[in-house]
Amino acid sequence: MEQSIAPTATAPLIDPFQRAINYLRVSVTDRCDFRCVYCMSENMTFLPKAQLLTLEELDLMCSTFIGLGVQKLRITGGEPLVRKGIMTFFDAMTRHLDSGALRELTLTTNGSQLEKFAPDLVAAGVRRINVSLDTLDDAKFAQITRWGRLPQVMRGIDAAQKAGLRVKINAVALKGFNEDELFTLTDWCASRDMDLTFIEVMPMGDIGNEDRLDQYWPLRDLRARLAERFTLTDLAERTGGPARYVRLEETGQKIGFITPLTHNFCESCNRVRLTCTGELYMCLGQEDMADLRAPLRAHPGDTAALEEAIRAAIRLKPKGHDFDYSRQVVDGKMSRHMSHTGG
Ligand code: SAM
Ligand code: SF4
């Protein structure tokens, strides 16, 4: 499955607003072993297999992006670790870490498969992972994920830390659901030396009405609540994404806030997203995308057409996701699922 693509000596990916694109998020599957109520409906129809990029195609796509200057790869989904054979892909990416072209290979996972895969991920060169976890209560966990079970995820987190992975917890902030766990989650993360980031819930796709959550908890409220107990110091750290960080002076802990719908980070945006079908989304908040699977499949063994398609797509990267907001939101909902674009 190894594809020999030498990093090109050609220009790196710079968009029309002079932003260097060096971060690629890749959804490797739209499938998942959970059905989180804010992400999926209970009865999801998943894509036919033929539409998905094969593991070889994923390798070729990522390697081409790396050749064009991408230095950070985040693998996501759906649940990336339920994709059959996914470790073959991780193993294949190791060569780019070894060559120095890739600085970081990481993933966002629900943690359910970590018990099985943590050592293999470390062997492939993964050093840090994000685990999504909204509650520490067994019953609430089963309710919010529908199909997930907390003890399995806890064993996964244990295994990850034991294998030497640095774990960051991502929790979606949900009013009336995990509001009362703000300090429990914070303390638990501190006790395990894990960073914690809260994500503001986004209205996404058609996730069924039966469990429709109307639990938007603005992170500015959550932050104010944290400040009642801790001294918060803003950190200058920027990731080029929608996350902002503070340090809790009393514990030294770093807490992040991700507000996907605010657009005050667009000027430093360094990322694009590839779906599991090979569509490249230049902006999380916009519908504009480029089909990279077609040029990839049309010219097997020749990445020139793919490279040109990537460059053409980057030339279309919009300035920000407030650009034409009216086009992407239908009835106040994003028209595509996070599991499709890869959150
Ligand atoms: N399955 C993996 C997981 O849960 O970490 C990776 C994919 S998941 C789509 C990535 C992230 O998106 C998770 O942290 C999840 O909580 C978040 N997410 C999903 N739907 C969301 C929504 N409607 N609003 C905000 N975050 C959402
Ligand atoms: Fe699956 Fe992650 Fe979506 Fe939950 S948030 S349903 S774990 S893809």
Side-chain angles (χ1 to χ4, degrees), residues 25-47 73-83 86 106-114 117 121 128-135 140-150 152-153 156-157 160 165 167-175 177-178 185 194-208 211-219 222 241-243 256-262 271 273-276 281 284-285 328-329 332-343:
R25 297 170 74 102
V26 185
S27 171
V28 294
T29 178
D30 60 335
R31 286 158 203 265
C32 188
D33 51 348
F34 291 2
R35 292 289 183 276
C36 301
V37 297
Y38 45 73
C39 181
M40 294 192 180
S41 63
E42 178 113 46
N43 304 304
M44 291 290 288
T45 310
F46 292 110
L47 294 162
L73 213 52
R74 178 175 296 281
I75 309 307
T76 175
E79 173 47 42
L81 296 180
V82 302
R83 171 83 195 245
I86 194 62
T106 185
L107 71 152
T108 300
T109 173
N110 66 22
S112 69
Q113 308 301 314
L114 279 175
F117 289 121
L121 289 168
R128 302 191 297 174
I129 60 171
N130 290 352
V131 178
S132 306
L133 179 67
D134 305 329
T135 173
K140 281 163 76 177
F141 188 86
Q143 180 198 344
I144 203 80
T145 62
R146 292 199 190 98
W147 294 6
R149 295 298 171 259
L150 185 60
Q152 185 182 351
V153 172
I157 294 172
L165 288 167
V167 178
K168 176 163 83 75
I169 299 294
N170 281 345
V172 176
L174 298 162
K175 201 172 190 60
F177 178 78
N178 56 9
L185 274 167
M194 300 186 296
D195 287 327
L196 170 62
T197 291
F198 291 100
I199 308 176
E200 206 160 70
V201 73
M202 282 170 89
M204 300 285 285
D206 175 14
I207 52 174
D211 292 295
R212 181 104 197 114
L213 279 174
D214 188 16
Q215 296 181 324
Y216 176 67
W217 183 15
L219 291 193
L222 184 154
F257 304 99
I258 298 183
T259 45
L261 287 181
T262 61
R271 62 198 59 194
R273 295 175 161 80
L274 185 70
T275 69
C276 52
Y281 280 88
L284 180 62
Q328 5 128 5
V329 176
K333 284 187 262 175
M334 294 282 294
S335 54
R336 62 180 195 268
H337 285 116
M338 199 85 132
S339 53
H340 180 65
T341 330

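We count ligands from 1, going down the list as the structure has it; atoms in each ligand are counted the same way.
Each of the atoms 25 (C) of ligand 1 lies under 4.0 Å from some heavy atom of E200. Listed by number with element, the atoms of ligand 1 under 4.0 Å from a non-hydrogen atom of V201 are 24 (N), 25 (C). Atom numbering of ligand 1 starts at 1 in the shown order; those under 4.0 Å from a heavy atom of M202 are 22 (C), 23 (N), 24 (N), 25 (C). Under a 4.0 Å criterion applied to the non-hydrogen atoms of T109, ligand 1 contributes the atoms 2 (C), 3 (C), 5 (O). Interface atoms of ligand 1 facing T76, defined by a heavy-atom separation under 4.0 Å, are 6 (C), 7 (C). Taking every non-hydrogen atom of G78 and a distance limit under 4.0 Å, the qualifying atoms of ligand 2 come out as 8 (S). Within ligand 1, counting atoms from 1 as listed, the ones closer than 4.0 Å to a heavy atom of G77 are 7 (C), 9 (C).
Taking every heavy atom of both residues into account, A160 and I129 meet most closely at CB-CD1, 4.0 Å. Residues C32 and N110 come closest through the heavy atom pair SG-ND2, 3.7 Å. Between R31 and L47 the shortest heavy-atom distance is NH2-O, 3.1 Å. Heavy atoms only, all atoms of each residue included: T197 and F257 are closest at CG2-N, 4.2 Å.
A cation-pi contact, defined as under 6.0 Å to the ring centre and within 45° of the axis, is absent between K175 and Y216.
Distances between N or O atoms of C32 and those of ligand 1 include no value under 3.5 Å. Of the N or O atoms in E79, one or more lie within a sub-3.5 Å distance of an N or O in ligand 1. Not a single N or O atom of D134, backbone or side chain, sits closer than 3.5 Å to an N or O atom of ligand 1. No N or O atom of N170 sits closer than 3.5 Å to an N or O atom of ligand 1.
Distance check for C32 against atom 1 (Fe) of ligand 2: an N/O/S atom falls below 2.8 Å.
In the model, R273 has no side-chain atom that pairs as donor or acceptor with a side-chain atom of S27 under 3.5 Å.
Within the 4.0 Å heavy-atom criterion, the part of I199 lying near ligand 1 is the side chain and not the backbone. Under 4.0 angstrom from ligand 2, the non-hydrogen atoms of C39 all belong to its side chain. At a 4.0 Å heavy-atom cut-off, ligand 1 touches V172 through the side chain alone.
Here the shortest heavy-atom distance to atom 6 (C) of ligand 1, taken over A171, C39, G78, belongs to G78.
Between the side chain of K168 and the backbone N or O of M194 there is no donor-acceptor pair closer than 3.5 Å. For the pair R83 (side chain) and D30 (backbone), a donor-acceptor distance under 3.5 Å is absent. Without hydrogens or angle criteria, E79 side chain to D33 main chain gives no donor-acceptor distance under 3.5 Å.
For the atom pair CG (D134) and CG (L174), the distance works out to 6.0 Å, reported to the nearest 0.5 Å.
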